[in-house]
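One structure is given here, and the rest of the page talks about it.
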Amino acid sequence: MGFFSFLGRVLFASLFILSAWQMFNEFGENGGPAVTELIPKLAIFKKHLSSLLGVGIPDIDPSHLVAGMIVLKGLGGFLFVFGSPFGAYLLLIYLAFSSPILYDFYNYEQNESKYIILLNEFLQSVALFGALLFFTGMKNLIPRRQLKKKTPKAKVG
């Protein structure tokens with residue numbers, strides 16, 4: 001059972017680790033393709049959030065945001081492989097903040113093809129979020145290994 005648990009964590013975390021590795025390799029001076037994809041989505045998200053809250057949102061450098069995403073995915077994935085709840089929390093933070101920005105299906109009409117693609121990717125992120133919540137919940141249910149007390153054998157005779 002222990003091996004399959006480890007294998008499952010490796011396979012699950014490989015999604016995040018390989019994605020972080022690819023983003024890191026493409027980062028370069030301007031932040032790579034992740035930054036160019038993030039700039040318009042971040043602008044729309046900031047506009048929605050500022051109109052919703054009624055306050056101005058400070059400017060965030062998208063390359064710093066992408067660097068933070070790389071760290072959260074990479075470090076969170078590696079810690080998750082070894083069963084660390086902290087790694088799961090890092091991945092939860094990454095998914096909670098990036099999914100609504102990256103998969104902005106709500107900015108498209110339902111009959112557009114981009115809407116369906118983004119909605120599916122958003123729902124996949126929600127499923128990953130749920131799996132991480134399940135992991136942290138199960139991790140909290142399992143008590144730490146307790147040392148077994150040796151019961152003294154009764155002496156006969």
Side-chain angles (χ1 to χ4, degrees), residues 1-50 52 57-145:
M1 180 74 173
F3 173 74
F4 289 115
S5 175
F6 177 75
L7 182 63
R9 289 192 312 269
V10 167
L11 294 174
F12 184 85
S14 67
L15 173 77
F16 296 100
I17 294 169
L18 294 174
S19 172
W21 180 252
Q22 180 182 3
M23 287 175 73
F24 177 76
N25 284 333
E26 296 173 344
F27 194 72
E29 289 181 20
N30 63 352
V35 169
T36 56
E37 181 183 341
L38 187 63
I39 289 172
K41 292 180 181 255
L42 188 60
I44 293 170
F45 183 76
K46 281 175 45 178
K47 187 174 122 183
H48 281 300
L49 195 59
S50 64
L52 182 67
I57 306 296
D59 286 336
I60 301 170
D61 185 6
S63 62
H64 292 156
L65 199 57
V66 169
M69 292 165 70
I70 292 169
V71 169
L72 285 173
K73 288 195 300 186
L75 182 62
F78 277 118
L79 291 174
F80 184 81
V81 166
F82 298 107
S84 170
F86 183 67
Y89 293 134
L90 291 177
L91 294 175
L92 283 168
I93 290 169
Y94 163 73
L95 288 172
F97 286 109
S98 68
S99 296
I101 297 170
L102 293 177
Y103 311 123
D104 58 342
F105 64 94
Y106 45 83
N107 289 325
Y108 298 91
E109 297 295 324
Q110 288 184 352
N111 56 2
E112 293 181 64
S113 63
K114 190 112 172 146
Y115 173 85
I116 294 170
I117 293 168
L118 290 171
L119 179 62
N120 283 336
E121 290 177 354
F122 179 79
L123 292 175
Q124 286 176 354
S125 288
V126 170
L128 293 172
F129 194 88
L132 288 165
L133 286 177
F134 179 77
F135 172 81
T136 56
M138 292 304 291
K139 203 66 165 163
N140 291 334
L141 284 178
I142 300 171
R144 300 276 182 218
R145 282 190 175 179

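All residue numbers refer to positions in the sequence shown, counting from 1.
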Under the 3.5 angstrom rule, does the side chain of [X] hit a backbone N or O of [Y] as a donor-acceptor pair?
X	Y	result
Ser99	Ala96	no
Lys73	Tyr94	no
Ser19	Phe16	no
Lys41	Ile101	no

**Q.** Test log, rule side chain to side chain contact (heavy atoms under 4.5 Å, CB included), inputs Thr136 and Tyr89
**A.** CA-CA 8 Å; Thr136 56; Tyr89 293 134; 3.8 Å; yes

Let me confirm one number: the [atom1]-[atom2] distance from [X] to [Y], rounded to the nearest 0.5 Å.
X	Y	atom1	atom2	answer
Leu102	Glu121	CG	CD	9.0 Å
Leu49	Ile57	CG	CD1	4.0 Å
Leu65	Leu38	CG	CG	5.5 Å
Asn30	Phe27	CG	CZ	8.5 Å
Ile39	Ser63	CD1	OG	8.5 Å
Leu91	Leu128	CG	CG	9.0 Å

Please find the pair of heavy atoms, one from [X] and one from [Y], that lie closest to each other, and give the distance.
X	Y	value
Ile17	Gly74	CG1-O, 4.3 Å
Pro58	Lys46	O-NZ, 3.8 Å
Ile60	Leu42	O-CD2, 4.2 Å
Leu95	Phe129	CD1-N, 3.7 Å
Arg9	Gly83	NE-N, 3.4 Å
Gly87	Leu79	CA-CB, 3.6 Å

(Q) Looking only at the side chains, is there a donor atom on one of Asn107 and His48 sitting less than 3.5 Å from an acceptor on the other? (A)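 Result is yes, a qualifying pair exists.
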
Q: Please check if atom CZ in Phe24 has more than 12 non-hydrogen atoms from other residues, nucleotides or ligands closer than 6.0 Å.
A: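 No - once you tally the heavy atoms of other residues, nucleotides and ligands closer than 6.0 Å, there are 12 at most.
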
Q. More than 12 heavy atoms of other residues, nucleotides or ligands under 6.0 Å from CZ of Phe78: is that the case?
A.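 Not buried by this count: 12 neighbours or fewer within 6.0 Å.
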
(Q) So that I know where these two stand, are Phe80 and Phe135 an aromatic pair - ring centroids less than 6.0 Å apart? (A)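 Phe80 vs Phe135: aromatic centres under 6.0 Å.
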
Q: Would you check if Tyr106 and Leu119 make a side-chain contact, meaning some heavy-atom pair closer than 4.5 Å?
A: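 With C-beta onward as the side chain, the pair stays apart.
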
Q | Geometric class of the Phe82/Phe6 ring pair [parallel <30°, tilted 30-60°, perpendicular >60°] | A |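 Ring orientation of Phe6 relative to Phe82: tilted.
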
